[in-house]
Amino acid sequence: MSTVAGLPLTEVLLMVAGLAAAGLAVGYLAGLLGIGGGGIAVPILYEVFRFAGVDDEVRMHLAVGTSLAVILPTSLRSVWLHRKRGAVDMGVLRAIGPGVLAGVVVGVLIAAQVDGTVLKIVFVLVAYLMALRLLTGADRWQLGERLPGPAVSLPVGFFTGIASALNGIGGGAFITSYMMLYGRQMLASLATASGVGPIIALPGVLGYMWAGYGQVALPPGSLGYVSLIGAALMVPASLLAAGWGVRSAHRFSKRTLERAFAAFMLVVGTRFVLSLVG
């Protein structure tokens, strides 16, 4: 039987197909919901790396770092397409950007010091929180008519940066929720939230490369905690699908897809819970 890197050819082809399909889902959701798509990328990458025999000691870190590498070009394309349609509020991005950047740096430093179990726990908490927000239609909750000043926006950005760096996500779900709590329309909120992805992903990728430098358990084709092979297989599909998502966001209701994504996050979160207790 033909093998590639010690694995049967059929298994390798299955992993390639799985990563390409995940890339399509990541890109579509990035364009449609203004999220980075890490909620899909991280669990799929984790399972692919498990399938490929990657050591459990580095598997979760590698999934998170690689997810951020996929989010970077995908979110750049998403925010560019939304901005072409005039839907991105650059003032909001400038207000929360410094907090987000600082949070990413802190998040990477934390990730460099903890094992994969801690990252799994954080991912479960965030997954359940995102699912709750989507299932309950939290866009109906509102705290005010205007976005608050730096005393609120900077801490919101800081929390978003930390949570995103620890989970390998683009942070869009947090920013979309924040804007809608203060009276912004959903389309403007998700379009603006897509702009947070590059702010998180670029320093996040560099940080995970640094944090994993010299790790002996990493698979071939890795640069620190970033699998260049995994990212290369997912990015083209995600870039293609991001355009589809943006077009859908400006045409259709997203409630059904929100519920489907919430269900997915519940399944993924529960899968990690089972791995923690098992």
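Model, not experiment: these values are computed from the prediction. Quick note: residue numbers are just sequence positions, from 1.
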Undergrad: What heavy-atom pair brings M179 and A188 nearest, and what distance separates the two atoms?
TA: CE-O, 4.1 Å

Undergrad: Taking the side chain as every heavy atom from C-beta outward, state whether T66 and F49 have any pair of such atoms under 4.5 Å apart.
TA: yes

Undergrad: Under a 4.5 Å side-chain heavy-atom rule over Ile, Leu, Val, Met, Phe, Trp and Tyr, are L218 and Y213 clustered together?
TA: no

Undergrad: Would you tabulate the side-chain donor-acceptor contacts of residues 17-25 under 3.5 Å, counting partners in other chains and residues two or more places apart, or write 'none'?
TA:
none

Undergrad: If only atom types and distance count, is the side chain of T160 paired as donor or acceptor with the main-chain N or O of V156 below 3.5 Å?
TA: yes

Undergrad: Without swapping roles, check the side chain of R59 against the backbone of V54 for a donor-acceptor pair under 3.5 Å.
TA: yes

Undergrad: Atom CG of L206 and atom CG of L72: how far apart are they, to the nearest 0.5 Å?
TA: 9.0 Å

Undergrad: Which heavy atom of V226 sits nearest to which heavy atom of V205, and what is that distance?
TA: CG2-O, 4.1 Å

Undergrad: Would you check if the side chain of D55 reaches a backbone N or O of V58 as a donor-acceptor pair within less than 3.5 Å?
TA: no

Undergrad: Looking at P73 and V235, what are the two nearest heavy atoms and their distance?
TA: CG-CG1, 3.7 Å

Undergrad: Ignoring hydrogens and angles, tell me if any N or O in the side chain of R83 forms a donor-acceptor pair with the backbone of V88 under 3.5 Å.
TA: no

Undergrad: Answer yes if the side chains of S238 and T74 hold a donor-acceptor pair under 3.5 Å, and no otherwise.
TA: yes

Undergrad: Using side-chain heavy atoms (C-beta onward) and a distance below 4.5 Å, is L101 in contact with P203?
TA: yes

Undergrad: Between L147 and S153, does the side-chain contact (heavy atoms from CB on, under 4.5 Å) criterion hold? Intermediate values first, please.
TA: CA-CA 8 Å; L147 288 170; S153 61; over 6 Å; no

Undergrad: Do Q215 and Y225 come within less than 4.5 Å of each other through their side chains, counting heavy atoms only?
TA: yes

Undergrad: Are side-chain heavy atoms of I96 and V196 found at a separation under 4.5 Å?
TA: yes

Undergrad: Please check this pair: side chain of S222 against backbone of P219, looking for a donor-acceptor N/O pair closer than 3.5 Å.
TA: yes

Undergrad: Atom CG of L76 and atom CD1 of I71: how far apart are they, to the nearest 0.5 Å?
TA: 11.5 Å

Undergrad: Is there side-chain contact between S78 and Y28, with at least one heavy-atom pair below 4.5 Å?
TA: no

Undergrad: Could you give the distance from CD1 (I121) to CG (L166), rounded to the nearest 0.5 Å?
TA: 12.0 Å

Undergrad: I want to check something: taking the side chain as every heavy atom from C-beta on, are L93 and T192 in contact at a cut-off of under 4.5 Å?
TA: yes

Undergrad: At their closest point, which heavy atom of A231 faces which heavy atom of P236, and how far apart are they?
TA: O-CD, 4.5 Å

Undergrad: Which heavy atom of A165 sits nearest to which heavy atom of V108, and what is that distance?
TA: CB-N, 4.0 Å

Undergrad: Rounded at 0.5 Å granularity, tell me how far OG in S194 sits from CD1 in I175.
TA: 11.5 Å

Undergrad: What closest approach, in Å, do Y208 and A111 show between heavy atoms, and which atom pair accounts for it?
TA: OH-CB, 3.4 Å

Undergrad: Let me confirm one number: the CG-CE distance from L68 to M209, rounded to the nearest 0.5 Å.
TA: 10.5 Å

Undergrad: A side-chain contact here means heavy atoms from C-beta on lying under 4.5 Å apart; do P98 and L154 qualify?
TA: yes

Undergrad: Between H61 (side chain) and A112 (backbone), is there a donor-acceptor pair under 3.5 Å?
TA: no

Undergrad: Flag the pair R146 / Y182 as yes when at least one side-chain heavy-atom distance between them is below 4.5 Å, and no otherwise.
TA: no

